[in-house]
2 protein chains.
Amino acid sequence: MTATIRDIAKAAGVSVATVSKVLNDYSTVSRATREKVLALVSEMQFRPNEAARSLVGRRSMTIGILLTSGLANPFFVHLLGGIDEALKERGYDLIYLAQLSAHPEYNFVHHCRSRNVEGVLAFGFQLGELDADKLVASGIPTLFIDLNLTGKRAGYISSDNKEAVQGTVRYLHELGHRRIACIAGLPGSYVGERRLAGYHEAMAELGLSPDPDCIVIGDFTQETGYRGMQRLLALPERPTAVVCGSDKAAIGALQAAREAGVAVPAELSIVGFDDIDEARVVYPPLTTVRQDMSTLGRRAVELLDGLIVEPDSPAPAVIVPTALAVRGTTGPPPRDG
Amino acid sequence: MTATIRDIAKAAGVSVATVSKVLNDYSTVSRATREKVLALVSEMQFRPNEAARSLVGRRSMTIGILLTSGLANPFFVHLLGGIDEALKERGYDLIYLAQLSAHPEYNFVHHCRSRNVEGVLAFGFQLGELDADKLVASGIPTLFIDLNLTGKRAGYISSDNKEAVQGTVRYLHELGHRRIACIAGLPGSYVGERRLAGYHEAMAELGLSPDPDCIVIGDFTQETGYRGMQRLLALPERPTAVVCGSDKAAIGALQAAREAGVAVPAELSIVGFDDIDEARVVYPPLTTVRQDMSTLGRRAVELLDGLIVEPDSPAPAVIVPTALAVRGTTGPPPRDG
DNA sequence: ATGAAAGCGCTAACAG
DNA sequence: CTGTTAGCGCTTTCAT
């Protein structure tokens, strides 16, 4: 089978304790033995068994990932790139805890414990979700992505959603737009709420009091973007611009506009959020807020590592800046608008 | 801290062995004790420590996932959806092994062993990649996705790539096309090769000997699709249809055609492969081969589970059918074509 | 600087 | 049907 620490000890003519010390960088071992052991380790391709290690209370070098939406979340994939890099740098492996959330007895926290996870990346939780609080209360180091929860050993990271939308509205205002509508994302989701808040604040700042009819509530999907746009187009006084809570919604809006024979951007400007791959290939290419998903993922792991390694570190609350990618769906409002 | 098996034993007034037997469904335990133990387990929210379990040689209920190139892959996310479902059904957790492939001493197999992984899902390996062979040789149950490798405890699953392209070519032929070009995927990738083989076979079947200039080699990206199309459009006798090795490539091809002022599908038909989200939103919507990624992921886990549970089961080699999604980029060739 | 021994939480014979 | 015991591979006192 695979080599154990005992095999190495035997081959090196030392005790297992010594090998263990070498493996864990104890300074109390002589240069000579250290080198002999290390040579054997490399030669015999030895790698300590992580289960045994974590059992004796040492670090498991395992981070758990909790995704309430399941693995198929499209953003998770983009996050993964950044997560992956940071994981490698710090030597962690990532375990996806396939939750039986449906099962009444299922418990996140115990699942984490049974896996000796050192910390948890949590993504996809909604505002006020109970399980999120339990996680915080458990004391397991937790880093939320896109949910502003903090605690003794919990913190979060997110894009600057509010500021992003404020910037978007200001940009539209500068182009000359005054009737600016909003197709908001899912209520109850942190990012949806923040984006909507950004819309409200920017409108207020600019002295534009939005018509309540100009704000439609969606859920980030193309479907609600499509229907939302239909509603807006049916208004007696049509908006000249619409900011959407997601690219998917913006794509739905674009589709509705096309079907209604409304020219984009000549008669109507549309802005999305996320900069997913589809944003570049629709026609016209979508003006949208680009989130730096890779940085989000990478920093999430780094922050979590901090929480793990420094038990008394303060709760991180990190906001990552975004950038507006101006493409083809925005322009000045029509003359008679 | 968390409850251990000893706490349960104490509370139930039995030995740890008995509790263990209950936990592992031994039939030799009385109904009464079983129930008492189970009640305590649920009440104290006990969950056995997986590290301890796997250390004693029992199952670790952990599947590893190895991705050499996978993260950036646009349909990886759909694969995950299927994987997730099957994982839950069978009770596995998934550990993503963050490989230090760059490091010379890094070794996949030992990484898997150190994590007590019961089996491995391998995705993104190229034809003839050494690490893939090592994996097979190691005897660790392995299921390759999109790579036709089998072994004592290794098998694979993939879409019916060859047949899919054959069907595509036949479909174009029926529409009246004769000059059918191909923008192939990455050489050395199993799916790229299979798709190209499908093209060749179908052309031969139909008695069409393709002009070598009509076959351009790409690497699945939009970039090579774009440049490939430019090359094809520059040909003295232009093809009337082109089958692409991926949707990304097809989207690049579409872009090149648009820029060249070539009408799709009136003057040129284009077919993609994969049916990624972008396929629906480009204009015209892309005719493409739909892979059932969700089934691919789900079956992959099921097959791997088979390999794990039945050590002597034959190597699975599963091919999943595809479907042609006819949309807006295909039509009859131009009259004078 | 090194080793002997205990023990992490659990399972698997083996006795009773 | 139940309990005792040994031990999985490793780390960590505590002696030496």
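The shown structure was predicted, so the numbers you read here are calculated from the model rather than taken from an experiment.
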Novice: Please determine if a side-chain N or O atom of A/Thr18 lies less than 4.0 Å away from the OP1 or OP2 oxygen of C/dG3.
Specialist: yes
Novice: So do the side chains of A/Phe76 and B/Val77 get within less than 4.5 Å of each other, counting heavy atoms only?
Specialist: no
Novice: Under a 4.0 Å heavy-atom cut-off, which of residues 20-41 of chain B touch DNA chain D?
Specialist: B/Lys21, B/Thr28, B/Val29, B/Ser30, B/Thr33
Novice: Please enumerate all residues that pass side chain to side chain contact (heavy atoms under 4.5 Å, CB included) together with A/Lys10, with sequence neighbours excluded.
Specialist: none
Novice: Could you state the CZ-P distance from A/Arg53 to C/dG9, rounded to the nearest angstrom?
Specialist: 18 Å
Novice: In whole Å, what is the span from the CZ atom of B/Arg59 to the P atom of C/dC10?
Specialist: 18 Å
Novice: What is the distance from CG of B/Asn116 to P of C/dC10, rounded to the nearest Å?
Specialist: 16 Å
Novice: For B/Ala17 and A/Gly57, find the nucleotide of DNA chain C closest to each by heavy atoms; which residue's nucleotide sits nearer the 5' end?
Specialist: A/Gly57
Novice: Round to the nearest Å and state the distance from B/Asp7 atom CG to C/dG9 atom P.
Specialist: 9 Å
Novice: May I ask you to check whether A/Asn49 and B/Ser114 show a side-chain donor-acceptor distance below 3.5 Å?
Specialist: no
Novice: Sorted by first residue and then second, give each side-chain hydrogen bond (donor to acceptor under 3.5 Å, both in side chains) pair with at least one member in residues 304-320 of chain B; sequence neighbours left out.
Specialist: B/Arg90-B/Asp305, B/Tyr92-B/Asp305
Novice: Measure from CG on A/Leu55 to P on C/dC8 and round the result to the nearest Å.
Specialist: 9 Å
Novice: With no hydrogens and no angle check, do the side chains of A/Ser60 and A/Asn116 hold a donor and an acceptor under 3.5 Å apart?
Specialist: no
Novice: Between B/Arg6 and C/dC8, is there a side-chain N or O to OP1/OP2 distance below 4.0 Å?
Specialist: yes
Novice: Strictly under 6.0 Å, is that where the ring centroids of A/Tyr156 and A/Phe125 end up?
Specialist: no
Novice: With axes from five pairs an end, tell me the bend angle of the helix from C/dA1-D/dT16 to C/dG16-D/dC1, nearest 10°.
Specialist: 40°
Novice: What residues form a side chain to side chain contact (heavy atoms under 4.5 Å, CB included) with A/Arg153, not counting sequence neighbours?
Specialist: A/Pro141, A/Pro311
Novice: Distance from A/Leu66 atom CG to A/His111 atom NE2, nearest 0.5 Å?
Specialist: 8.5 Å
Novice: What are the bounds, 5' to 3', of the part of DNA chain D that sits under 4.0 Å from heavy atoms of chain B?
Specialist: D/dC1 to D/dG9
Novice: Report yes or no: do A/Arg113 and A/Ser138 form a side-chain donor-acceptor pair below 3.5 Å?
Specialist: no
Novice: Do B/Ile65 and B/Leu97 pass the side chain to side chain contact (heavy atoms under 4.5 Å, CB included) test, and can you show the C-alpha distance, the side-chain angles, and the key distance before you say yes or no?
Specialist: CA-CA 6 Å; B/Ile65 185 161; B/Leu97 304 173; over 6 Å; no
Novice: On DNA chain D, compare the nucleotides closest to B/Val14 and A/Thr4; which residue's is nearer the 5' end?
Specialist: B/Val14
Novice: Just checking, any donor-acceptor pair under 3.5 angstrom between side chains of B/Glu50 and B/Thr62?
Specialist: no
